[in-house]
Amino acid sequence: MPGSGAPTNLLYRLEDVCVSFAGRPVLRGTSLQHNPGEKLILLGRNGCGKTTLLRVIAGELEPEAGAVERARGLEIARLEQRVESANGVSVLDYCLSALPRVVEIELALAELGSRLGSGDEALLAEHHRLHEEFERLDGYRARAHAEAALDGLGIPKAMHSRTVETLSGGERTRAALARALLSTAGLLLLDEPTNHLDLVGVEFLADELAHRDGALLLVTHDRELVDRVGGEVLELHGGRLERFPAGYARYRRERERRRDQAQRAFYLQRAEIERQEEFIRRNIAGQNTRQAQARQKLLDRMERLEAPEPDLAAVRLRWPETGRSGQMVMEVEDLEAGWVRPILQQVSLTLRRGERVAIVGRNGAGKTTLLHTLAGRLPALAGRLRLGAGVVPAWYDQEQVEIPGGVSVLDVLLEVRPEWSPAEARAWAARFAFSGEAADAITDSLSGGERARLSLARLIALAPNLMLLDEPTNHLDLVTCEVLEQALSEFPGALLLVSHDRRLLERVATHVLLLDGGRAVAMNRVDDAFVRLGLERPGKRPSDGDAPTPRRSAAEEERRRLRRDAARARTTADSLAGELEAAEQRLREVEALLCEPAVFADRRRALELAREADELRAGLETLLDSWGEAEEDAEALAQRLAELED
């Protein structure tokens, strides 16, 4: 409902917006004001309503309650999810359609140019007017800008004349992103734009967004992008928005401080209310009746604090017991890989136990093709591939093709671990934030993030000692990305990894295989591969005449180490707390079921539930001890860090 009297100093404003789906609240009194030129980063757990919020802002979804006020004439550019309407149009022209006035003037100038020879003064005046407007719109450089955007996002010039329908799904998404970036709209809305980009594309996107003049609302799971864009952070949690300072690390620290403060305030108030209520109960009929009545009036007028919305249970990745492979896990010699003709030639690689190799290259270099070949899903065109003794491989496909439709989350897990009891499968599902009824959800109803979590749950349930991962962070939220990063760095087996998440690669990989020009080049450091691809960080490599970057002091190194350790400890404690809450909830559900006559009459069902209840009670004791220890560790590290930073 655009407001005709909207102030000129805002793009849009949400006031107490509410949206629900199937009776489940998604946005609960959400409020936000977004001003011209302001860049905002929207973060939140999978399923919290980020895409819903973008749809409300764009006018694609009307809220059930609350108000949406937009500036008059506000233009919004979005990353189109479906581009079928562009079928029959060349990729370059589709991209240029983001500038309709430029295209319109270009056609008009071409038509007028063919008639200027008549000497008609009116035609000359119109041509001059359009020419000035074209220059003002920077129209003469529009095609160059469009070509640069397409090329930067991994669509080379040779593909610009192809029609849109001939592109793959990922290529169409990148073309749509180039179109959105080219738009001069006052507001750009982007929902997980890095999912189909390589490292080069992410670098190009980060630079474009950092230098963009217009306003931006960006949903992303890429921590590097959060820091590069530099806008303030919005967190959507419990259906409400909260604003934080720019920078991912600062956001996490400030979030932790605010939540601790809110938790303390809530418990202090609750203790005070209980104390006053006890005084009233003991004195309402005695000598201090008037005091008790006065205190009751104070309690009635007191504004009660809400308990802080609990965090969703974090994914808890712990590697199961697995067989130990030999020292040599995989040996590749003069391999040729490709679907019809070779994309890669003379690839040689020896992968040893404990090594984590990042496969790096531009879009089209053959990263996924090589992973398919090494996983045995695509026959090698030439060369030799051999697995070592005792190797148990497992493959993660970014398209999650291994997740069938029409079955439940539990069915997926029991298919790969048929020896598990339903209780064991539920406990495993809970580790991946599928607790209670969520474990019975049908796969067709899962969001992209939920499918990604289920793929990870299935993969790790296989207990592999060799993992081949193709873009494992796609569709995951930032909390889960951090948990995955920590788990992969501790994986005891061997790992081959393709990812556009630069920070993940830097922190996990022990070796790098760079794909460039149809060849594979082994490197020891991720940074070296980035330099080879032209992806140096801004300011990271000093230019001639620049002073070298000073080494950090011992105190700063200690602070950095403590920040990292404190963040990991807090994530572990929160994850255990979520798992404890999920287990307690499931135990209550099971105990309630055991009291139902229909269940009690079904002896087999009753025995199964009783066994699950016993397992849950035993597990709760262990979880409680683990959570207590983790909470103490997190608090001690946080206290030590606070002392150093004071």
Side-chain angles (χ1 to χ4, degrees), residues 51 54-55 57-60 74-111 130 133-198 200-209 211-220 362-364 398-399 448 474 500:
T51 299
L54 262 61
R55 292 183 62 204
I57 293 168
E60 297 174 1
L74 173 63
E75 291 185 38
I76 300 176
R78 286 203 66 181
L79 172 56
E80 292 183 274
Q81 299 301 315
R82 301 176 67 86
V83 294
E84 281 81 356
S85 60
N87 287 350
V89 178
S90 75
V91 173
L92 182 59
D93 286 342
Y94 166 68
C95 194
L96 284 168
S97 67
L99 304 170
R101 183 56 182 161
V102 168
V103 174
E104 182 184 352
I105 295 175
E106 187 176 45
L107 292 172
L109 285 173
E111 195 272 333
L130 290 174
E133 185 181 356
F134 199 61
E135 283 193 326
R136 191 165 60 251
L137 295 173
D138 206 14
Y140 287 106
R141 294 199 295 173
R143 287 188 176 273
H145 288 161
E147 289 172 349
L150 289 167
D151 189 59
L153 295 174
I155 299 181
K157 193 165 185 176
M159 298 175 64
H160 294 183
S161 59
R162 286 173 50 180
T163 54
V164 169
E165 66 267 22
T166 65
L167 301 181
S168 68
E171 289 165 347
R172 290 189 192 193
T173 301
R174 297 199 295 276
L177 179 56
R179 183 181 185 276
L181 292 177
L182 197 65
S183 171
T184 57
L187 173 62
L188 176 60
L189 302 177
L190 294 179
D191 191 354
E192 296 290 3
T194 63
N195 276 349
H196 290 279
L197 299 182
D198 62 2
V200 179
V202 172
E203 190 74 12
F204 176 85
L205 176 65
D207 192 59
E208 285 289 306
L209 296 181
H211 293 92
R212 187 178 180 85
D213 292 329
L216 168 71
L217 182 57
L218 169 68
V219 176
T220 184
R362 299 174 184 273
N363 271 327
Q398 62 173 309
E399 303 298 334
N474 275 3
H500 67 265

TODO: Please round to the nearest 0.5 Å and tell me the distance separating atom OG of S168 and atom CZ of R174.
DONE: 6.0 Å
Task: Residues forming a ring pair (Phe, Tyr, Trp, His ring centres under 6.0 Å) with F204, sequence neighbours excluded - done: none
Task: Partners meeting salt bridge (charged side-chain N to carboxylate O under 4.0 Å, His left out) with E133 (sequence neighbours left out) - done: R101, R129
Open item on the list: If you define the side chain from C-beta out and look only at heavy atoms, does anything of L96 sit under 4.5 Å from V102?
Closed with: no
Open item on the list: Taking salt bridge (charged side-chain N to carboxylate O under 4.0 Å, His left out) as the definition, give me every residue that meets it alongside E106, ordered by chain and number, with sequence neighbours left out.
Closed with: R143
- [ ] Answer whether the closest heavy-atom distance between the side chains of H196 and E171 falls below 4.5 Å.
- [x] no
- [ ] Could you grab the distance from atom OG1 of T173 to atom CG of L79, nearest 0.5 Å is fine?
- [x] 6.5 Å
Open item on the list: Rounded at 0.5 Å granularity, tell me how far CG in L182 sits from NE2 in H145.
Closed with: 8.0 Å
- [ ] Measure across D151 and P156 and return the closest heavy-atom pair with its distance rounded to 0.1 Å.
- [x] OD1-CA, 3.8 Å
- [ ] Output the distance between atom CG (L99) and atom CZ (R179), rounded to the nearest 0.5 Å.
- [x] 9.0 Å
Task: Heavy-atom check, side chain of T184 versus side chain of L137, under 4.5 Å - done: no
- [ ] Drop me the distance from L218's CG to L188's CG, to the nearest 0.5 angstrom.
- [x] 8.5 Å
TODO: Please list, chain by chain and in numerical order, all residues satisfying ring pair (Phe, Tyr, Trp, His ring centres under 6.0 Å) with H500, sequence neighbours excluded.
DONE: H221
- [ ] Please answer whether the main-chain N or O of N474 pairs with a side-chain N or O of N195 as donor and acceptor at a distance below 3.5 Å.
- [x] no
Open item on the list: Under the rule for side chain to side chain contact (heavy atoms under 4.5 Å, CB included), what residues qualify as partners of A108, not counting sequence neighbours?
Closed with: L130
Task: Working for side-chain contact (heavy atoms from CB on, under 4.5 Å), residues L197 and L177 - done: CA-CA 10 Å; L197 299 182; L177 179 56; 4.0 Å; yes
- [ ] Enter the distance from T220:OG1 to E192:CD here, rounded to the nearest 0.5 Å.
- [x] 5.0 Å
Open item on the list: Within the structure provided, determine whether L92 and E147 are in side-chain contact (heavy-atom separation under 4.5 Å).
Closed with: yes
Open item on the list: Run C95 and L150 through side-chain contact (heavy atoms from CB on, under 4.5 Å) and show every step you take.
Closed with: CA-CA 8 Å; C95 194; L150 289 167; 4.3 Å; yes
Task: Residue pair V164 / R172: nearest heavy atoms and the distance that separates them - done: O-NE, 3.5 Å
Task: Closest contact, heavy atoms only, L217 versus L187 - done: N-CD1, 4.4 Å
TODO: Spell out, as yes or no, whether a donor-acceptor pair under 3.5 Å connects the side chain of R212 to the backbone of L216.
DONE: no
Open item on the list: Measuring only between side-chain heavy atoms, which start at C-beta, is V91 closer than 4.5 Å to M159?
Closed with: no
Task: For the student: nearest non-hydrogen atoms of T163 and T166, plus distance - done: O-OG1, 2.6 Å
Open item on the list: When you compare the side chain of L205 with that of L181, does any pair of heavy atoms fall below 4.5 Å?
Closed with: yes
- [ ] With sequence neighbours excluded, tell me which residues meet salt bridge (charged side-chain N to carboxylate O under 4.0 Å, His left out) with D138.
- [x] R141
Task: Heavy-atom closest pair, residues A185 and E75 - done: CB-O, 3.4 Å
Open item on the list: Could you check whether any side-chain heavy atom of V219 comes within less than 4.5 Å of a side-chain heavy atom of T51, counting everything from C-beta outward?
Closed with: no
